Amino acid sequence: MTELTDITALLLSRIRDVPDYPEPGVMFKDITPLLADPAAFTALTDALAALATDAGATKIVGLEARGFILGAPVAVRAGLGFIPVRKAGKLPGATLSQAYDLEYGSAEIEVHAEDLTAGDRVLVVDDVLATGGTAEASIQLIRRAGAEVAGLAVLMELGFLGGRARLEPALVGAPLEALLKV
C-alpha cells in the first residue's frame, strides 16, 4: 500500500495545473513536468508496464499524441510491440479508420490494419481519460482489426467528465486502470 501511495504522491507532485487553458474556465493538467523528471517518468512507465503484463497484453496502442509519449516506453519496458493510433490522414499506406463524435462535430482515427492480428491482446495507453470518445473509438478500431482489447490504462482520469461510464460497456469486462483520479 505504501508503494502505491508513494507513486501517487510522486506523480501528482509533477503535474502542473494551468488555469484557463486552452480556454477560460478549464483547468489544464500539464504532464510535461512529470516527463522532464526521470524518476517520475520511470515510475509511471514501470507502473503502466506492470498493468500491461497483468492484462496479458501482447501489444500496446498509444493514442495521439501524449499516448505516444507514454505508450512507447511502456511497450519497450514490457517487451511488447507499440502501435500508434493517429488522427486521420497521418499514416501512410492502407489503414482502418473509425469516426467518433465530439462535443461539437466529429473526428476520425486510424491504425495500420496489418499491425494488429487475431492473436493480439492490446492494452490502450493514454495520458488522460476525459469523456472517453477517442478511447472508445480506439477500442472499436482494435476489434475491427481482429485483435482483442486487453484493457485501457491511463495516467489520470477526470472522473467528473464521465469517461469511465461511457467506456465500461465498450470494454466488455476488460480492465480500465487509472493511476490517478481527479
Side-chain angles (χ1 to χ4, degrees), residues 3-4 7-8 11 31 34-35 41-88 90-91 94-100 107-159 161-182:
E3 185 177 330
L4 182 59
I7 190 172
T8 299
L11 297 176
I31 68 166
L34 187 157
L35 300 174
F41 195 15
T42 298
L44 171 59
T45 300
D46 289 346
L48 291 172
L51 293 174
T53 300
D54 291 348
T58 61
K59 293 211 174 127
I60 301 293
V61 153
L63 304 181
E64 188 165 340
R66 288 181 298 267
F68 296 173
I69 297 168
L70 303 184
V74 167
V76 169
R77 181 64 46 100
L80 306 174
F82 175 76
I83 312 298
V85 168
R86 303 224 43 201
K87 295 174 184 167
K90 300 288 184 180
L91 290 171
T95 60
L96 279 178
S97 64
Q98 182 68 48
Y100 61 101
E108 194 172 355
I109 55 174
E110 295 179 332
V111 68
H112 281 134
E114 71 271 9
D115 291 341
L116 295 171
T117 65
D120 285 326
R121 287 183 46 80
V122 181
L123 180 69
V124 178
V125 173
D126 205 4
D127 65 328
V128 174
L129 172 59
T131 61
T134 307
E136 183 180 38
S138 73
I139 290 166
Q140 294 167 347
L141 198 54
I142 291 163
R143 290 197 178 116
R144 285 184 46 227
E148 180 182 348
V149 176
L152 172 69
V154 296
L155 164 60
M156 183 176 8
E157 176 181 350
L158 305 179
L161 292 176
R164 181 174 292 268
R166 177 179 186 166
L167 287 177
E168 284 180 336
L171 284 165
V172 193
L176 191 169
E177 302 285 352
L179 298 179
L180 305 174
K181 293 180 182 169
V182 178

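Predicted model only: the values in this text are computed from it and were never measured.
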### Query
Taking all atoms of both residues into account, what is the closest heavy-atom pair of A170 and I139, and its distance?
O-CG2, 3.7 Å
#### Entry: Nearest-0.5 Å distance, CG of residue L48 to CG of residue L123
8.0 Å
### Query
Say you draw a straight line from CG of L80 to CZ of R121; how long is it, rounded to the nearest 0.5 Å?
11.5 Å
### Query
For the residue pair L167 and A135, what are the closest heavy atoms and their distance?
CD1-CB, 3.8 Å
### Message
Suppose we screen for side-chain contact (heavy atoms from CB on, under 4.5 Å). Which residues come up paired with L35, at least two apart in sequence or across chains?
### Response
I31, F41, I69, L70
#### Entry: Reported OG1-to-CG distance for the pair T134 and L141, which is rounded to 0.5 angstrom
11.5 Å
#### Entry: Within residues 132-144 or reaching into it, pairs that qualify as salt bridge (Lys or Arg N to Asp or Glu O under 4.0 Å) - sequence neighbours excluded
E136-R166
### Summary
Shortest non-hydrogen pair, A47 vs I7, comes out as CB-CD1, 3.7 Å
### Summary
So OG1 of T95 and CG of D115: to nearest 0.5 Å the spacing works out to 11.0 Å
### Message
Does any part of the side chain of I83, heavy atoms only, come nearer than 4.5 Å to the side chain of I142, both counted from C-beta?
### Response
no
### Query
Can you name the nearest heavy-atom pair linking Y100 to A137, along with the distance?
CD2-CB, 3.5 Å
### Query
Which residues pass the salt bridge (Lys or Arg N to Asp or Glu O under 4.0 Å) test with E64, sequence neighbours left out?
R86
### Query
Got a sec, which residues hit salt bridge (Lys or Arg N to Asp or Glu O under 4.0 Å) with D127, two or more places apart in sequence or on another chain?
R66
With a cut-off of 3.5 Å and sequence neighbours excluded, list every side-chain donor-acceptor pair involving residues 175-182.
none

### Message
So, taking the atom named CG in L34 and the one named CG in L11, what distance separates them when rounded to the nearest 0.5 Å?
### Response
5.5 Å
#### Entry: Atom of V85, atom of F68 and distance for their closest heavy-atom approach
O-CE2, 3.6 Å
### Query
What pair of heavy atoms forms the shortest contact from E110 to S97, and how long is it?
CG-CB, 3.6 Å
### Message
Can a donor-acceptor pair be found, under 3.5 Å and without considering hydrogens, that links the side chain of K59 to the backbone of A147?
### Response
no
### Task
Run through L158, L155, L63, V154 and flag the one making a side-chain contact (heavy atoms from CB on, under 4.5 Å) with V128.
L158
### Task
List in chain and number order the residues that pass side-chain contact (heavy atoms from CB on, under 4.5 Å) with T42, two or more places apart in sequence or in another chain; answer none if no residue qualifies.
D46, R77
